[in-house]
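All remarks here apply to the structure that follows.
Every chain is numbered from 1, with letters handed out A, B, ... down the list of sequences.
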Amino acid sequence: MTGRFDPSQADRRWQARWEDERTFEANSTSSKPKTYVLEMFPYPSGRIHMGHVRNYTMGDVIARYRRMQGHEVLHPMGWDAFGMPAENAAMERKVHPGQWTWANIATMRRQLKQLGFALDWSRELATCDPSYYGHEQALFIDLFNAGLVYRKESEVNWDPVDMTVLANEQVIDGKGWRSGAPVERRKLSQWFLKITDFAEHLLEGLATLDHWPDKVRLMQENWIGKSRGLKFRFRLVEPTAETSEIEVFTTRPDTIFGASFVAVSPEHPIALGLAARPDAAEFIRRCKAGGTTAAELETQEKLGFDTGLEVAHPLDPDWRLPVYIANFVLMDYGSGAIFGVPGHDQRDFEFATKYKLPIPRVVAPSVAEASAPIGSEADVGHGIAVNSRFLDGMITEAAAAEVIRRAESAGWGEGTVAWRLRDWGVSRQRYWGTPIPIIHCQGCGPVPVPSGRLPVTLPEDVSFDVPGNPLDRHPTWKHVGCPSCGAAAVRETDTLDTFVDSSWYFIRFASQPADRPFDRAEAEAWLPVAQYIGGVEHAILHLLYARFWTRALQRIGRIGVAEPFKGLFTQGMVTHETYRAGDGSWLSPDEVRRDGDDYVQIATGQPVALGRVEKMSKSKRNTIDPEPILEKYGADAVRWFMLSDSPPERDLEWSEAGIEGASRFVQRVWRLATASAAHSEREDDGFERKLHRTIAAVGEAIEGLQFNKAVAQLYELVSAVEKAPPSASRAQAVRILVLLVAPMAPHLAEEAWAHLGEQGMVADAPWPTFDSSLMVDEQVTLAVQVNGKLRDTLNAPRGLDRAAAEALALASDKVQRQLDGAMPRKVIVVPDRLVNIVA
RNA sequence: GCCCCUGUGGCGGAAUGGUAGACGCGCUCGACUCAAAAUCGAGUUCCUAACCGGAGUGUCCGUUCGAGUCGGACCAGGGGCACCA
């Protein structure tokens with residue numbers, strides 16, 4: 001059984017053994033300490049890609065490591081199976097989204113199993129299965145009954161040719177991706193979840209998540225966007241039919257005397273009231289062109305329309321400000337109106353410059369600079385209030401407080417907290433999602449589907465020949481009796497955002513009774529997830545929605561956990577070159593062949609343009625299929641490569657050379673385990689030190705998810721063992737090496753473990769322990785610097801005192817040459833590390 | 001536009017404010033071999049023929065006995081921006 005390690009045999013053998021013995025099935029009633037390790041579940045796009053392999057390998061190392069430490073580990077896998085690509089496939093290939101999705105799941109399950117992950121497949125779930133989404137509907141109704149669900153009008157991207165709603169990614173340069181027609185913003189009545197009710201809790205909860213990356217907490221904090229300021233009203237000089245005042249919010253009430261205009265959103269009641277005027281209507285119509293994304297709205301040219309209306313300044317009734325309609329004011333934020341302070345806000349500055357409005361200075365670094373004009377851009381800093389009447393000379397914070405105080409006592413405004421966070425719109429005008437379990441009745445309004453009639457399943461007989469939502473045009477599905485009064489009624493035809501599906505799957509993994517979403521006690525035995533791993537692209541939306549959903553379930557008494565993910569790790573992406581054909585379409589790596597320094601499209605022989613190295617993605621088609629690689633090198637080499645070199649939080653560029661190196665390592669370990677080493681009594685204590693240091697370092701690296709460091713440590717240990725003479729301690733080191741390698745290269749480890757004559761599986765073996773007293777060396781290398789520059793290195797016994805270290809350093813020829821007779825002015829000694837002589 | 005992150009040899013990267021380049025890839029030379037593959041050994045930041053030495057962690061400035069690491073300004077690349085998942 002010596003010679004080369006043959007993964008094609010070993011992988012299959014051990015995967016079958018783990019499955020037969022149900023090695024990785026989690027026992028919810030175990031008395032061992034429980035650890036829940038979870039990676040973000042995949043969208044079943046067709047085949048697994050390297051990003052999946054990297055993500056699941058990292059989680060697998062943690063899961064196997066904890067298991068070897070004696071934990072009961074829950075490490076499940078499932079499918080985020082609803083979503084748009086299935087509908088696109090249905091349109092392009094005339095295949096039902098369900099059929100397409102389930103076929104993809106079958107393929108990807110088979111591929112994942114080839115990687116030998118320590119997964120509990122008995123808990124596998126797919127969100128497109130009624131046995132999953134039916135429970136989601138029940139939870140949605142619970143939230144509805146708790147008042148956390150409501151309906152309101154909201155804008156969507158509307159394709160006027162295809163007569164359909166477009167996702168942001170389907171809008172390219174302001175045009176629909178299929179029709180090419182300019183996209184319009186259109187209002188639809190849609191379902192929302194009241195995430196803003198939890199804004200304060202979601203913000204405060206971040207402080208408890210000390211095993212999350214700081215950057216993710218910071219991003220969520222900014223997203224929630226708590227700000228304090230003044231909400232106040234401008235009185236219209238001439239009231240309109242709709243209103244006599246305009247409410248605005250500002251975080252800088254201290255700049256109130258710097259106001260030079262008021263601007264309202266094109267959807268603001270004031271704007272809508274002016275729609276009878278042709279010029280105003282035309283402006284509003286222009287504002288509706290283009291997409292709904294923030295990036296688009298904020299980068300487009302700032303446009304304003306002078307309504308001719310005027311408001312009075314709240315602190316000076318004789319001071320009039322013009323009212324504009326402006327395309328950059330969003331109805332969804334605050335009150336849909338702002339007041340412009342061009343001197344101290346860059347966007348207002350650009351607007352005022354364009355429309356030739358005054359740009360006064362009301363904040364300055366000092367009183368002396370009060371008359372300094374505003375330059376080529378706004379001065380957004382804090383400072384001293386100037387040109388601001390009773391505020392003059394006050395610092396920004398005091399001036400803001402004073403304005404709030406006066407507003408409150410005079411009754412024209414009040415200090416308040418504003419949030420950037422908006423409620424979560426969950427309606428999608430699509431087929432392939434969880435049906436929203438609501439029935440609309442003329443008499444009773446929206447009525448939840450009674451729990452006995454759940455799940456509301458999707459009809460199978462649908463076609464995607466015409467754009468739009470097949471549920472909406474289905475001949476029978478939507479027509480039902482009202483559960484309340486029995487009158488003819490219609491089902492809601494919107495489906496839920498797929499982020500809802502992924503907001504509770506981690507609870508369902510922990511507990512999956514047939515008759516309800518989960519058992520509270522069983523779920524709480526596992527939750528929160530000890531280590532959650534996924535892409536940083538989910539840092540805000542998915543993670544915030546899952547946190548909200550969990551807190552909402554807590555509020556309605558379904559679960560006693562507030563935060564679902566105790567530890568979070570955001571891995572970097574796997575990148576690869578991109579290729580484009582002459583017509584600009586993306587080509588996948590296997591459609592391309594290298595021809596010298598150029599690339600050629602295999603099918604056509606046409607030259608291919610080499611694009612940048614980018615994140616592997618379906619849209620850029622630069623994915624590498626792991627399966628042929630797995631067949632060639634085996635699971636352990638692929639896993640090893642995924643963990644080597646690049647720090648897990650950074651991007652990893654796929655390379656053929658890297659996998660070759662990983663494969664060589666697998667063979668090196670195999671040779672060490674199988675080569676006959678004659679035993680002798682000779683011991684080498686330097687070698688033992690290396691072994692104990694490695695045990696400590698590998699464990700520490702795995703716990704810190706620094707897999708590349710664990711890999712480097714193991715390379716060093718392997719080199720040391722290879723050079724060691726045959727001995728009892730060498731044999732012991734080989735045994736420990738196999739254990740240390742096991743979480744990363746489990747098939748190799750099992751095979752080697754059996755070859756060493758050990759009992760049982762390495763998956764069940766205890767993680768090795770180390771003796772820290774055996775880790776220290778009696779000799780150290782002292783760095784000797786002169787004026788901070790390295791001049792010599794000296795060997796010295798550990799624990800040398802300062803005076804002796806200084807004397808040793810000064811005795812060095814190289815030091816004396818540098819000093820050139822000069823007297824040291826100062827000597828800095830860092831014990832056992834360094835001596836720095838300052839001359 | 002706004003928020004967040006990242007820049008170190010030919011490449012991926014390592015380095016509690018204390019010897020920059022661990023470890024791997026690649027490359028060069030050598031051993032083994034009839035030859036190759038595999039394997040093993042040595043070398044590999046740049047400048048200088050070599051020694052001595054000098055320069056060097058995106059750029060500039062600062063703090064420090066000492067900066068890849070801390071602070072400031074800038075440049076470049078990436079992620080997110082609420083209907084991709």
Practice prompt. Taking atom P in both B:rU45 and B:rA38, compute the distance separating them and give it to the nearest angstrom.
Written response: 25 Å
Counting side-chain heavy atoms from C-beta on, which of [options] comes nearest to [X]?
X	options	value
A:M219	B:rC81, B:rG79, B:rA85	B:rG79
A:P85	B:rA85, B:rC81, B:rC83	B:rA85
A:N708	B:rA85, B:rA14, B:rG53	B:rA14

Worksheet entry | Quiz item: A:E155 side-chain donor-acceptor pair to B:rC83 base, under 3.5 Å |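 No, no donor-acceptor pair under 3.5 Å.
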Worksheet item: Ignoring hydrogens and angles, does a donor from either the side chain of A:Q429 or the base of B:rC83 sit under 3.5 Å from an acceptor on the other?
Response: yes
Please report whether the ring centroid of [Y] lies less than 6.0 Å from that of [X].
X	Y	result
A:F82	A:Y133	yes
A:F328	A:F351	yes
A:W504	A:Y132	yes

Worksheet entry | Counterpart residues, side-chain hydrogen bond (donor to acceptor under 3.5 Å, both in side chains), relative to A:R422 (two or more places apart) | A:Y333
Worksheet item: Does the pair A:R428/A:E87 count as a salt bridge with the N-to-O cut at 4.0 Å?
Response: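 No, this pair does not count.
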Response to the item:
Protein-proximity profile, nucleotides 61-73 of chain B, B/S/- by nucleotide at the 4.0 Å heavy-atom cutoff, equals ----B--------
Worksheet item: Quick one: which of A:R693, A:R689, A:R798 gives a salt bridge (Lys or Arg N to Asp or Glu O under 4.0 Å) with A:D777?
Response: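 Testing A:D777 for a salt bridge (Lys or Arg N to Asp or Glu O under 4.0 Å) against A:R693, A:R689, A:R798 leaves exactly one candidate, A:R689.
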Worksheet item: Which comes earlier along RNA chain B counting from the 5' end, the contact point of A:L188 or that of A:K814, where each point is its nearest nucleotide?
Response: A:K814
Worksheet item: Within the pair A:R186 and B:rC83, is there a side-chain N or O less than 4.0 Å away from OP1 or OP2?
Response: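 A:R186 to B:rC83 OP1/OP2: no side-chain N or O under 4.0 Å.
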